[in-house]
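In what follows, a structure is listed as structure tokens, so that the remarks can point back to it.
The basis for the numbers below is simple: all heavy atoms, side chains too, and nothing from hydrogens, waters or symmetry mates.
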Amino acid sequence: MIEATALSRQFGDFVAVDNVNLNVPDGTILALLGPNGAGKTTTVRMLSGLIAPSSGSASVAGFDVVRDPASVRACIGLVTDVPGLYPQMKLPEYLEFFGKIYGFSGPDLQQRVSGLIDFFELSEHRNERMVGFSKGMKQKVALARALLHEPRVLFLDEPTSGLDPLAARSVRELIVGLKHARRTIVLCTHDLAEAERLADDIAIIQRGRIVAHGSPAGLRSGATPDTLVRIELVEPLPAAQGIIERHPHVNVPSVSLTGERPVLSYRTSCVDEVNPAIIGDLVGLGARIVSVNCETRTLEEVYSAMVGDQPLALDRDLSGVLAGKGSAV
């Protein structure tokens, strides 16, 4: 649905987007992560037909963004970080105005407008001018406008910004529903938990280049193969330290107290082999186990390593991406 090859954009001598490659199939949510100024918005503006690339090529829903930007814009929905409303208009007339641009009229248009107003819980504000709307309300209007024509592709820049928790949850559920309806969605967000919850694929952009990509789980495991394991016991077991230390695939073993209960902890890249063996040994010595928790790297840690100054140990493929040997998604 979205394809880009060596997509780049310069503003004078400044390279905003540098050699980005994308392949986003139907029914996929791609999250673009990166600090302010990394090139996310410029990438979206090129893919939505708002600005032309300096070099490279891209197509959205089969339409070339350079040769046919009007067709691209007709089949996408776009929510930018600045809603860009007409504040002196009332909500229904504003949505009807854009609906007519997309070719809708009569009862069909009124039904679409009414349904979206109800969905975003804006019914009580139908007769108000939007100049008095809160940030969250304006964000809801922008989302309603983007969904009017049931677009095949959605570009969402911080779609839940400014929304209360219940409204944000409704929007996330809407995004998942659109994905199940085979819509393609590109989500720009600073909310890493939201990205991990929603996205099938994540691309981290830094200085205009994709420095890491993959599924949330793949990015976490690519950063380090180790899993941190914590085993909480009811009472101390003197032999516990020796049990975890003698297993060959265990790193950084330790025993500590959390409140009144001892906790055994270690790192391993072989949880399927190590955990059953250690738990079996502990139970064999009479240990009473309260809980076993396994933790991989969080997406926040991976993101921090990609855009910060303290890199994690990376596997070979991801290191190649960081070294500039590939930036395909």
Testing the 3.5 Å rule here: is there a donor-acceptor pair between the side chains of S8 and S54?
no
Between Q139 (side chain only) and P159 (backbone N and O only), is there a donor and an acceptor less than 3.5 Å apart?
yes
Applying side-chain contact (heavy atoms from CB on, under 4.5 Å), run through E295 and R230 and close with a yes or a no.
CA-CA 8 Å; E295 300 177 6; R230 291 189 176 93; 3.0 Å; yes
For G99 versus L148, what's the shortest heavy-atom pair and its separation?
N-CD1, 3.7 Å
Test item: R261 side-chain N/O and E232 main-chain N/O as donor-acceptor pair under 3.5 Å:
no
Look only at the side chain of T42 and the backbone of G39, and say whether a donor-acceptor pair between them is shorter than 3.5 Å.
no
Atom CZ of residue position R45 - does it have more than 12 heavy atoms of other residues, nucleotides or ligands inside 6.0 Å?
no
Shortest non-hydrogen contact from L47 to A58?
CD2-CB, 3.8 Å
Residue list, side-chain hydrogen bond (donor to acceptor under 3.5 Å, both in side chains) with Q110, at least two apart or on another chain:
none
H149 side chain vs I76 backbone, donor-acceptor pair below 3.5 Å:
yes
Taking atom CG of D118 as the centre, report whether more than 12 heavy atoms of other residues, nucleotides or ligands fall under 6.0 Å from it.
yes
Is it the case that over 12 heavy atoms from other parts of the model lie below 6.0 angstrom from the CD atom of E128?
yes
For T189 and E194, the nearest pair of non-hydrogen atoms, with its separation, is OG1-OE1, 3.2 Å
Do you know which two heavy atoms are closest between K138 and M130, and how far apart they sit?
CE-O, 3.9 Å
Under a 4.5 Å cut-off applied to non-hydrogen side-chain atoms, are C294 and N275 in contact?
yes
Are K179 and D200 close enough that some pair of their side-chain heavy atoms sits under 4.5 Å apart?
yes
For the residue pair I175 and R183, establish whether any side-chain heavy-atom pair is separated by less than 4.5 Å.
no
E124 atom CD, neighbour heavy-atom count above 12 within 6.0 Å:
no
Any non-hydrogen side-chain atom of I51 less than 4.5 Å from a side-chain atom of M46?
yes
Residue R172 excluded, over 12 heavy atoms near CZ under 6.0 Å
yes
Hey, is the main chain of Q88 close enough, under 3.5 Å, to the side chain of R129 for a donor-acceptor pair?
yes
Do side-chain atoms of K40 reach the backbone of L32 as a donor and acceptor pair under 3.5 angstrom?
no
Out of the candidates R67, M1, E3, only one should pair with S59 under the side-chain contact (heavy atoms from CB on, under 4.5 Å) rule; please name it.
E3
Check for me, please, whether F11 and V20 land in the same ILVMFWY cluster - side-chain distances under 4.5 Å, paths through other members count.
yes
Between Y94 and Y86, what is the ring plane arrangement, given parallel below 30°, perpendicular above 60°, and tilted in between?
perpendicular
What is the distance from atom OG1 of T227 to atom CZ of R267, rounded to the nearest 0.5 Å?
8.5 Å
Polar contact flag, side-chain donor to acceptor under 3.5 angstrom, D157-T80
no
Over all heavy atoms of both residues, which pair between A212 and L219 is shortest? Give the atoms and the distance, please.
CB-CD2, 4.1 Å
Test item: R169 and E173 side chains (from C-beta on) under 4.5 Å apart, heavy atoms:
yes
Any heavy-atom pair between the side chains of V44 and L78 that's under 4.5 Å?
yes
Is the shortest side-chain heavy-atom distance between V171 and L156 below 4.5 Å?
no
Quick one: name the residues clustered hydrophobically with L264, using the 4.5 Å side-chain heavy-atom rule over I, L, V, M, F, W, Y, and just say none if it's on its own.
V229, I231, L233, L237, I243, I244, V250, V255, Y266, V271, V274, I278, I279, L282, V283, L285, I289, V292
Checking T184 side chain against P25 main chain: does a donor-acceptor pair fall under 3.5 Å?
yes
Assess whether atom CD of E245 is packed by more than 12 heavy atoms of other residues, nucleotides or ligands within 6.0 Å.
yes
Nearest 0.5 Å, please: how far is CD in E196 from CG in L33?
10.0 Å
To which residues is V234 joined in a hydrophobic cluster, defined by side-chain heavy-atom contacts under 4.5 Å among Ile, Leu, Val, Met, Phe, Trp and Tyr, whether direct or through other members?
V290
Would you find a donor on one side and an acceptor on the other, under 3.5 Å apart, between the side chain of N251 and the backbone of T268?
no
Specify the closest pair of heavy atoms between H190 and G34, including all atoms of both residues, with the distance to one decimal.
CE1-O, 3.3 Å
Are the side chains of V186 and L22 in contact, using a 4.5 Å heavy-atom criterion?
no
